[in-house]
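Order of appearance sets the numbers: ligands from 1, and atoms from 1 within every ligand. Just so we're clear, the structure is a prediction, and the values are computed from it rather than from any experiment. Below, each value reflects all heavy atoms present in this structure, side chains not excepted, and no hydrogens, waters or symmetry copies.
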Amino acid sequence: PTNYVGFDTITTQIENRLVKRGFVLNIMLVGASGLGKSTLVNTLFSAHLDESCGRNTVYDPVERTTEIKVTSHDLVENNVVLHLNIIDTPGFADQINNNRCWDPILRYIKDQHNQYLRRELNADREKFIKDTRVHCVLYFIAPNYYGLTNLDIQVLRRLSEVVNVIPVIAKADTLTLDERANLKKVLQEQFEQYGLRMYPYNDDTGSRLTPEETQFNKDIRSMLPFAVVGSEEVIKTAKGEAVRGRRTKWGVINVEDVTQCEFVYLRDFLTRTHLYDLIETTALQHYETFRTKQLTALRE
Ligand code: GDP
Ligand code: MG
């Protein structure tokens, strides 16, 4: 066409820039000890985590009950670099009195927003501000029959106001399929009842999403929380396939088999379909809310 000047190639130009810079994803793990947090994250990024060199930093909150540990990994797939930071919270809810055990976690999230804001407001600010904001919390719910505990409700209430929370049912292999379905139903009712806003949200304020994306989010929401199984072991099935799974007295649980658990759905959701949305939603909603509050407080 004669009127064509070629500005549609801007998408390729943007892509090249973004690819060159890489992406940062900060995932935080929250839930009681022994629910399989470390195992699941190793299962999620297994192939990559062993080979990449992890860097460890320990964030030192004032309260010593919950530690916060950050491990960093650079993952590469087809020239795209993902700087993955895993923020673990060992010791969470391990005390006899768990009153306010969520404080160090909330403080960490807030501190990262604060640091970002300071850098942004700095007169000679960096071109690319290092992003340490938490893009999502994987919240581990115990595989039980009654759903959320009081502690879960208290923590989720606070977390879901400041960060994207993706709930998972931990160690789902310890529940029968009926028990799983039932627990899911109970949990969805509780989310509703206590006004806990889980990611992905159903109010797309900026109308950023296409109708297909909105429908997809709706489908995902009806599946929450993902019933997951983790394993760091690669085992052979009866057919001789090597799979990541758990060997029990009664057979092998293949974590990648969607008829056995929803691990694959969680992985696709996090890394294939919603990776960028998690980053964007953090910036446009959670960070923006924080920023507005801080700046309004300054003005008054
Ligand atoms: P964390 O304290 O939450 O980090 O839990 P870990 O990942 O250290 O796991 C605690 C224990 O639970 C280990 O013995 C794991 O092998 C086991 N475990 C982890 N994930 C699963 C799972 O999906 N199902 C079962 N049955 N056990 C698991
Ligand atoms: Mg752990």
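At a 3.5 angstrom cut-off on N or O pairs, Ser38 counts as close to ligand 1. In terms of polar-atom proximity, defined here as any N/O pair under 3.5 Å, Gly230 does make such a contact with ligand 1. Not a single N or O atom of Val229, backbone or side chain, sits closer than 3.5 Å to an N or O atom of ligand 1.
At a threshold of 4.5 Å between non-hydrogen side-chain atoms, the residues Arg180 and Cys261 count as touching. Contact of the Lys130 side chain with the Gln115 side chain is not registered, since no non-hydrogen atoms from C-beta on lie closer than 4.5 Å. At a threshold of 4.5 Å between non-hydrogen side-chain atoms, the residues Ile253 and Ser231 do not count as touching. Phe45 has its side chain within reach of Ile27: a pair of non-hydrogen atoms, C-beta onward, lies under 4.5 Å apart. Inter-residue side-chain proximity for His73 and Ile86 is flagged as met; some heavy-atom pair is nearer than 4.5 Å.
Ile166 and Leu284 fall into different hydrophobic clusters, where Ile, Leu, Val, Met, Phe, Trp and Tyr residues are linked whenever their side-chain heavy atoms come under 4.5 Å apart, directly or through other members. Leu151 and Tyr146 fall into different hydrophobic clusters, where Ile, Leu, Val, Met, Phe, Trp and Tyr side chains are chained together by heavy-atom contacts under 4.5 Å.
The aromatic rings of His274 and Phe269 sit tilted relative to each other, their planes meeting at an angle between 30° and 60°.
For the Mg ion (ligand 2), the set of nearby N, O or S atoms under 2.8 Å includes one belonging to Ser38.
Residue contacts with ligand 1 for Asp173 involve side-chain atoms from C-beta outward but no N, CA, C or O (heavy atoms, distance under 4.0 Å). Neither the backbone nor the side chain of Glu232 has a heavy atom within less than 4.0 Å of ligand 1.
Within ligand 1, counting atoms from 1 as listed, the ones closer than 4.0 Å to a heavy atom of Ser33 are 2 (O). Here is the list of ligand 1 atoms found below 4.0 Å of a heavy atom in Leu35: 3 (O), 5 (O).
Taking only non-hydrogen atoms, the option from Ile253, Ile169, Thr39 nearest to atom 7 (O) of ligand 1 is Thr39.
In this structure, atom 2 (O) of ligand 1 lies nearest to the protein heavy atom Gly34 N, 2.8 Å. The shortest contact between atom 5 (O) of ligand 1 and any protein heavy atom is with Gly36 N, 3.0 Å. Of all protein heavy atoms, the one lying nearest to atom 17 (C) of ligand 1 is Arg246 NH2, 3.8 Å. For atom 11 (C) of ligand 1, the closest non-hydrogen atom on the protein side is Lys171 NZ, 4.1 Å.
A donor-acceptor pair under 3.5 Å is absent between the side-chain atoms of Asp74 and the main chain of Val81, judged by distance alone.
At a distance under 4.0 Å, no protein heavy atom can be found next to atom 13 (C) of ligand 1.
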